[in-house]
K.L.:
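Okay, here's the structure, questions in a sec.
Worth saying up front: this structure is predicted, and the values here are computed from it rather than measured. Computation of the quantities below employed the complete heavy-atom set of this structure, encompassing side-chain atoms and omitting hydrogens, waters and symmetry-equivalent molecules.
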Protein chains: 2
Amino acid sequence: MDKRDHLGEFEQLVLLGILRLGNDAYGMTIRREIETRTRRTTSIGALYLTLERMEEKGLIRSELGEATAERGGRAKRFFTVNPSGREALKQSLHRLRRMAEGHFPVPEVI
Amino acid sequence: MDKRDHLGEFEQLVLLGILRLGNDAYGMTIRREIETRTRRTTSIGALYLTLERMEEKGLIRSELGEATAERGGRAKRFFTVNPSGREALKQSLHRLRRMAEGHFPVPEVI
DNA sequence: CGCTAATAGTCTACAATGTAGAACATATCG
DNA sequence: CGATATGTTCTACATTGTAGACTATTAGCG
(Lines give C-alpha, C1' and ligand atoms only; values in the text may rest on other atoms or scores of the structure.)
Protein backbone atom coordinates (compact mmCIF):
# COMPACT_ATOMS: atom_id res chain seq x y z
CA MET A 1 0.00 0.00 0.00
CA ASP A 2 2.41 2.59 1.22
CA LYS A 3 5.35 1.41 -0.80
CA ARG A 4 7.66 4.20 0.25
CA ASP A 5 7.55 5.34 -3.32
CA HIS A 6 7.59 8.96 -2.38
CA LEU A 7 9.31 11.14 -4.89
CA GLY A 8 11.27 14.19 -3.94
CA GLU A 9 10.49 17.47 -5.62
CA PHE A 10 13.47 17.29 -7.93
CA GLU A 11 12.65 13.73 -8.87
CA GLN A 12 9.21 14.85 -9.96
CA LEU A 13 10.72 17.50 -12.18
CA VAL A 14 13.20 15.11 -13.72
CA LEU A 15 10.54 12.53 -14.49
CA LEU A 16 8.37 15.16 -16.09
CA GLY A 17 11.35 16.38 -18.08
CA ILE A 18 12.05 12.92 -19.47
CA LEU A 19 8.43 12.43 -20.38
CA ARG A 20 8.20 15.70 -22.19
CA LEU A 21 11.43 15.20 -24.12
CA GLY A 22 10.33 11.82 -25.40
CA ASN A 23 13.05 10.09 -27.40
CA ASP A 24 15.49 12.94 -26.98
CA ALA A 25 15.90 12.77 -23.22
CA TYR A 26 19.48 12.66 -22.07
CA GLY A 27 21.43 14.53 -19.42
CA MET A 28 22.02 17.79 -21.18
CA THR A 29 18.54 18.18 -22.64
CA ILE A 30 16.82 17.21 -19.41
CA ARG A 31 18.83 19.81 -17.62
CA ARG A 32 18.08 22.49 -20.18
CA GLU A 33 14.39 21.65 -20.12
CA ILE A 34 14.19 22.00 -16.35
CA GLU A 35 16.18 25.22 -16.29
CA THR A 36 14.28 26.98 -19.02
CA ARG A 37 10.83 25.91 -17.92
CA THR A 38 11.21 26.40 -14.20
CA ARG A 39 13.83 29.12 -14.16
CA ARG A 40 15.66 27.16 -11.54
CA THR A 41 19.32 26.33 -11.87
CA THR A 42 20.50 22.78 -11.49
CA SER A 43 24.00 21.44 -11.18
CA ILE A 44 24.85 18.74 -13.62
CA GLY A 45 26.01 16.52 -10.81
CA ALA A 46 22.69 16.74 -9.02
CA LEU A 47 20.87 15.73 -12.14
CA TYR A 48 22.95 12.68 -13.00
CA LEU A 49 22.95 11.50 -9.44
CA THR A 50 19.20 11.72 -9.31
CA LEU A 51 18.92 9.87 -12.61
CA GLU A 52 21.26 7.22 -11.31
CA ARG A 53 19.26 6.72 -8.16
CA MET A 54 15.94 6.58 -9.95
CA GLU A 55 17.32 3.99 -12.32
CA GLU A 56 18.43 1.87 -9.38
CA LYS A 57 14.93 2.08 -8.00
CA GLY A 58 13.60 0.99 -11.36
CA LEU A 59 11.64 4.15 -12.02
CA ILE A 60 13.51 4.83 -15.23
CA ARG A 61 15.92 3.01 -17.52
CA SER A 62 18.66 4.16 -19.86
CA GLU A 63 20.48 3.01 -22.95
CA LEU A 64 23.58 4.32 -24.59
CA GLY A 65 23.04 5.94 -27.95
CA GLU A 66 25.45 5.24 -30.77
CA ALA A 67 28.37 7.56 -31.53
CA THR A 68 27.48 11.18 -32.20
CA ALA A 69 26.71 13.58 -34.99
CA GLU A 70 27.75 17.18 -34.43
CA ARG A 71 30.77 18.89 -33.06
CA GLY A 72 31.79 17.58 -29.70
CA GLY A 73 30.34 14.35 -28.77
CA ARG A 74 30.55 11.57 -26.37
CA ALA A 75 27.87 8.89 -26.62
CA LYS A 76 24.60 10.03 -25.15
CA ARG A 77 22.74 8.13 -22.54
CA PHE A 78 19.03 8.27 -23.24
CA PHE A 79 16.48 7.89 -20.48
CA THR A 80 12.99 6.47 -20.52
CA VAL A 81 10.37 6.41 -17.79
CA ASN A 82 9.27 2.94 -16.76
CA PRO A 83 5.68 2.08 -15.86
CA SER A 84 6.59 2.15 -12.18
CA GLY A 85 8.05 5.63 -12.63
CA ARG A 86 4.94 6.82 -14.33
CA GLU A 87 2.88 5.33 -11.54
CA ALA A 88 5.01 6.92 -8.83
CA LEU A 89 4.69 10.29 -10.51
CA LYS A 90 0.98 9.84 -10.88
CA GLN A 91 0.58 8.96 -7.22
CA SER A 92 2.78 11.80 -6.15
CA LEU A 93 0.86 14.39 -8.10
CA HIS A 94 -2.38 12.85 -7.01
CA ARG A 95 -1.48 13.25 -3.35
CA LEU A 96 -0.63 16.85 -3.94
CA ARG A 97 -3.85 17.33 -5.75
CA ARG A 98 -5.90 15.87 -2.93
CA MET A 99 -4.23 18.19 -0.45
CA ALA A 100 -4.63 21.23 -2.65
CA GLU A 101 -8.09 20.82 -4.00
CA GLY A 102 -10.50 23.43 -2.85
CA HIS A 103 -7.68 25.82 -2.10
CA PHE A 104 -5.30 25.62 -5.00
CA PRO A 105 -6.64 24.42 -8.29
CA VAL A 106 -4.54 21.32 -8.80
CA PRO A 107 -3.75 19.05 -11.72
CA GLU A 108 -5.71 16.20 -13.00
CA VAL A 109 -3.10 13.54 -13.24
CA ILE A 110 -2.68 11.46 -16.36
CA MET B 1 16.00 34.93 -7.86
CA ASP B 2 16.90 31.42 -7.03
CA LYS B 3 16.64 31.75 -3.31
CA ARG B 4 17.11 28.09 -2.59
CA ASP B 5 13.53 28.14 -1.40
CA HIS B 6 12.84 24.71 -2.77
CA LEU B 7 10.31 22.79 -0.79
CA GLY B 8 10.43 19.07 -0.35
CA GLU B 9 7.39 17.01 -1.20
CA PHE B 10 6.42 16.54 2.42
CA GLU B 11 6.84 20.23 3.11
CA GLN B 12 4.38 21.00 0.35
CA LEU B 13 1.84 18.65 1.88
CA VAL B 14 2.30 20.11 5.33
CA LEU B 15 1.88 23.67 4.11
CA LEU B 16 -1.26 22.73 2.23
CA GLY B 17 -2.53 20.95 5.33
CA ILE B 18 -2.09 24.02 7.48
CA LEU B 19 -3.77 26.22 4.91
CA ARG B 20 -6.75 23.97 4.62
CA LEU B 21 -7.20 23.58 8.38
CA GLY B 22 -7.23 27.31 8.94
CA ASN B 23 -7.38 28.19 12.62
CA ASP B 24 -7.45 24.61 13.75
CA ALA B 25 -4.03 23.58 12.48
CA TYR B 26 -1.89 21.84 15.06
CA GLY B 27 0.19 18.69 15.02
CA MET B 28 -2.51 16.11 15.43
CA THR B 29 -4.97 17.62 12.99
CA ILE B 30 -2.35 18.31 10.35
CA ARG B 31 -1.26 14.73 10.56
CA ARG B 32 -4.79 13.41 10.31
CA GLU B 33 -5.53 15.67 7.37
CA ILE B 34 -2.52 14.43 5.44
CA GLU B 35 -3.18 10.79 6.23
CA THR B 36 -6.84 10.81 5.36
CA ARG B 37 -6.52 12.86 2.21
CA THR B 38 -3.42 11.27 0.76
CA ARG B 39 -3.71 7.79 2.25
CA ARG B 40 -0.08 8.05 3.17
CA THR B 41 1.10 7.31 6.68
CA THR B 42 3.27 9.81 8.48
CA SER B 43 5.19 9.43 11.67
CA ILE B 44 4.46 12.07 14.22
CA GLY B 45 8.15 12.76 14.58
CA ALA B 46 8.57 13.47 10.88
CA LEU B 47 5.76 15.96 11.01
CA TYR B 48 6.93 17.95 14.00
CA LEU B 49 10.48 18.03 12.75
CA THR B 50 9.32 19.37 9.42
CA LEU B 51 7.18 21.98 11.16
CA GLU B 52 10.13 22.96 13.31
CA ARG B 53 12.40 23.40 10.33
CA MET B 54 9.90 25.37 8.34
CA GLU B 55 9.37 27.66 11.27
CA GLU B 56 13.10 28.27 11.49
CA LYS B 57 13.11 29.18 7.84
CA GLY B 58 10.26 31.58 8.50
CA LEU B 59 7.78 29.82 6.26
CA ILE B 60 5.34 29.30 9.09
CA ARG B 61 4.89 30.50 12.64
CA SER B 62 3.27 28.98 15.70
CA GLU B 63 1.68 30.01 18.94
CA LEU B 64 0.69 28.04 21.96
CA GLY B 65 -3.00 27.77 22.55
CA GLU B 66 -4.36 28.06 26.08
CA ALA B 67 -5.09 25.01 28.23
CA THR B 68 -7.44 22.44 26.74
CA ALA B 69 -11.05 21.42 26.63
CA GLU B 70 -11.77 17.73 26.27
CA ARG B 71 -10.35 14.58 27.69
CA GLY B 72 -6.62 14.37 27.49
CA GLY B 73 -4.92 17.53 26.73
CA ARG B 74 -1.67 19.27 26.66
CA ALA B 75 -1.60 22.79 25.27
CA LYS B 76 -1.85 22.81 21.51
CA ARG B 77 0.60 24.53 19.28
CA PHE B 78 -1.21 26.18 16.40
CA PHE B 79 0.49 26.83 13.10
CA THR B 80 -0.02 29.53 10.52
CA VAL B 81 1.52 29.93 7.09
CA ASN B 82 3.50 33.14 6.64
CA PRO B 83 3.50 35.13 3.41
CA SER B 84 6.91 33.72 2.53
CA GLY B 85 5.57 30.21 3.04
CA ARG B 86 2.64 30.92 0.80
CA GLU B 87 5.00 32.31 -1.80
CA ALA B 88 7.33 29.33 -1.60
CA LEU B 89 4.40 26.99 -2.03
CA LYS B 90 3.13 29.00 -4.93
CA GLN B 91 6.50 28.95 -6.66
CA SER B 92 6.95 25.29 -5.99
CA LEU B 93 3.61 24.34 -7.48
CA HIS B 94 4.20 26.72 -10.34
CA ARG B 95 7.43 25.02 -11.27
CA LEU B 96 5.70 21.69 -11.25
CA ARG B 97 2.97 23.09 -13.38
CA ARG B 98 5.36 24.43 -15.96
CA MET B 99 7.04 21.07 -16.24
CA ALA B 100 3.78 19.18 -16.42
CA GLU B 101 1.72 21.32 -18.71
CA GLY B 102 0.96 19.76 -22.00
CA HIS B 103 1.42 16.30 -20.58
CA PHE B 104 -0.28 16.25 -17.25
CA PRO B 105 -3.06 18.71 -16.73
CA VAL B 106 -1.59 20.69 -13.88
CA PRO B 107 -2.89 23.08 -11.26
CA GLU B 108 -3.44 26.72 -11.59
CA VAL B 109 -1.70 28.03 -8.55
CA ILE B 110 -3.38 30.57 -6.32
C1' DC C 1 48.87 15.50 -37.23
C1' DG C 2 48.28 17.78 -32.78
C1' DC C 3 45.76 21.32 -30.31
C1' DT C 4 41.62 23.55 -28.83
C1' DA C 5 36.80 24.04 -28.37
C1' DA C 6 32.38 21.75 -27.74
C1' DT C 7 29.37 18.25 -25.89
C1' DA C 8 28.41 14.72 -22.57
C1' DG C 9 28.88 11.97 -18.55
C1' DT C 10 31.34 10.36 -13.87
C1' DC C 11 32.92 10.94 -9.15
C1' DT C 12 33.33 12.73 -4.53
C1' DA C 13 31.93 15.19 -0.49
C1' DC C 14 28.57 17.32 2.03
C1' DA C 15 23.88 19.77 3.11
C1' DA C 16 18.98 19.47 3.52
C1' DT C 17 14.81 16.68 3.96
C1' DG C 18 12.32 12.67 5.27
C1' DT C 19 11.23 8.88 8.59
C1' DA C 20 10.52 6.39 13.00
C1' DG C 21 9.38 5.66 17.40
C1' DA C 22 10.36 6.14 22.23
C1' DA C 23 10.02 9.47 25.84
C1' DC C 24 7.82 13.15 28.07
C1' DA C 25 3.83 16.24 29.44
C1' DT C 26 -0.74 17.16 30.88
C1' DA C 27 -5.43 16.65 31.54
C1' DT C 28 -9.93 13.75 32.26
C1' DC C 29 -12.38 10.00 34.17
C1' DG C 30 -13.41 6.23 37.08
C1' DC D 1 -4.55 8.09 42.55
C1' DG D 2 -3.87 5.23 38.31
C1' DA D 3 -5.34 4.17 33.66
C1' DT D 4 -6.27 6.40 29.44
C1' DA D 5 -6.39 10.00 25.98
C1' DT D 6 -4.35 13.82 23.58
C1' DG D 7 -0.41 16.33 22.28
C1' DT D 8 4.59 17.58 21.76
C1' DT D 9 9.73 16.83 22.15
C1' DC D 10 13.96 14.31 21.38
C1' DT D 11 17.29 11.31 19.20
C1' DA D 12 19.25 8.64 15.54
C1' DC D 13 19.56 7.50 11.00
C1' DA D 14 18.06 7.06 5.79
C1' DT D 15 17.09 9.29 1.56
C1' DT D 16 17.33 13.26 -1.50
C1' DG D 17 19.35 17.42 -3.10
C1' DT D 18 23.42 20.31 -4.51
C1' DA D 19 28.02 21.56 -6.29
C1' DG D 20 31.76 21.46 -9.02
C1' DA D 21 35.95 19.39 -10.42
C1' DC D 22 37.37 15.69 -13.41
C1' DT D 23 37.21 12.45 -17.33
C1' DA D 24 35.86 11.15 -22.09
C1' DT D 25 35.16 11.76 -26.88
C1' DT D 26 34.83 14.03 -31.17
C1' DA D 27 35.01 17.98 -34.77
C1' DG D 28 37.44 21.77 -36.68
C1' DC D 29 41.59 24.01 -37.87
C1' DG D 30 46.37 25.69 -38.44
K.L.:
Output the rounded distance in Å from CE (B/Met28) to C1' (C/dT26).
P.N.:
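B/Met28 atom CE is separated from C/dT26 atom C1' by 13 Å.
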K.L.:
Look at A/Lys57 and D/dT16 and indicate whether a side-chain polar atom (N or O) is within less than 4.0 Å of OP1 or OP2.
P.N.:
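Yes, such a contact exists.
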K.L.:
Could you list the residues that satisfy salt bridge (charged side-chain N to carboxylate O under 4.0 Å, His left out) with A/Arg77, not counting sequence neighbours?
P.N.:
A/Glu52, A/Glu55
K.L.:
Not counting sequence neighbours, which residues clear salt bridge (charged side-chain N to carboxylate O under 4.0 Å, His left out) with A/Arg95? List them please.
P.N.:
A/Asp5, B/Glu9
K.L.:
Using a cut-off of strictly less than 4.0 Å, decide whether A/Tyr48 has a side-chain nitrogen or oxygen near OP1 or OP2 of C/dC11.
P.N.:
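No, because none of the side-chain N or O atoms of A/Tyr48 sits under 4.0 Å from OP1 or OP2 of C/dC11.
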K.L.:
Going by side-chain hydrogen bond (donor to acceptor under 3.5 Å, both in side chains), name the residues that satisfy it together with B/Arg61, two or more places apart in sequence or in a different chain.
P.N.:
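B/Arg61 satisfies side-chain hydrogen bond (donor to acceptor under 3.5 Å, both in side chains) with B/Asn82 only.
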K.L.:
Pick the closest DNA chain C nucleotide for A/Phe78 and for A/Leu49 by heavy atoms, then say which residue is nearer the 5' end.
P.N.:
A/Phe78
K.L.:
Check this one for me: any side-chain N or O of B/Arg53 less than 4.0 Å away from OP1 or OP2 of C/dG18?
P.N.:
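Answer is no, no contact under 4.0 Å.
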K.L.:
Which pairs, protein N/O on one side and nucleotides 21-24 of chain C N/O on the other, fall under 3.5 Å?
P.N.:
unit_1	atom_1	unit_2	atom_2	d
C/dG21	O6	B/Gly45	N	3.3

K.L.:
Can you give the donor-acceptor pairs under 3.5 Å from side chains of residues 17-28 of chain A to other protein atoms, not counting sequence neighbours?
P.N.:
unit_1	atom_1	unit_2	atom_2	d
A/Arg20	NE	A/Glu33	OE2	3.2
A/Arg20	NH1	B/Met99	O	2.3
A/Arg20	NH1	B/Glu101	O	3.3
A/Arg20	NH2	B/Glu101	O	2.6

K.L.:
Looking only at side-chain N and O atoms, does A/Arg31 come under 4.0 Å of OP1 or OP2 in C/dA8?
P.N.:
no
K.L.:
Quick one: B/Leu15 CG to C/dG18 P, roughly how many Å, whole number?
P.N.:
10 Å
K.L.:
How would you list, by chain and number, every residue that makes a salt bridge (charged side-chain N to carboxylate O under 4.0 Å, His left out) with B/Glu87, sequence neighbours excluded?
P.N.:
none
K.L.:
Working to the nearest 0.5 Å, report the span between CG of A/Leu16 and CG of B/Leu96.
P.N.:
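Rounded to the nearest 0.5 Å, the CG-CG separation comes out at 6.0 Å.
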K.L.:
Quick test of your reading of the model: are B/Glu35 and B/Arg31 salt-bridged, counting only N-O distances below 4.0 Å?
P.N.:
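B/Arg31 and B/Glu35: salt-bridged.
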K.L.:
Whole angstroms only, please: what is the NE2-P distance between B/His6 and D/dT16?
P.N.:
18 Å
K.L.:
Could you tell me the separation between the CZ atom of A/Phe10 and the C1' atom of D/dT15, rounded to a whole number of Å?
P.N.:
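A/Phe10 atom CZ is separated from D/dT15 atom C1' by 15 Å.
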K.L.:
Rounded to whole angstrom units, what separation is found between the CD atom of A/Glu52 and the P atom of C/dT12?
P.N.:
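These atoms are roughly 12 Å apart.
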K.L.:
Measuring to OP1 and OP2 of D/dT18, would you say a side-chain N or O of A/Arg40 lies under 4.0 angstrom away?
P.N.:
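Affirmative; the distance criterion is met.
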K.L.:
Can you tell me the distance, in whole Å, between the CD atom of B/Glu56 and the P atom of C/dT17?
P.N.:
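In whole Å, C/dT17 P and B/Glu56 CD are 10 Å from each other.
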K.L.:
To the nearest Å, give me how far apart CD (B/Gln12) and C1' (C/dT17) are.
P.N.:
12 Å
K.L.:
What is the distance, to the nearest angstrom, from the CG atom on B/Leu64 to the P atom on C/dT26?
P.N.:
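In whole Å, C/dT26 P and B/Leu64 CG are 11 Å from each other.
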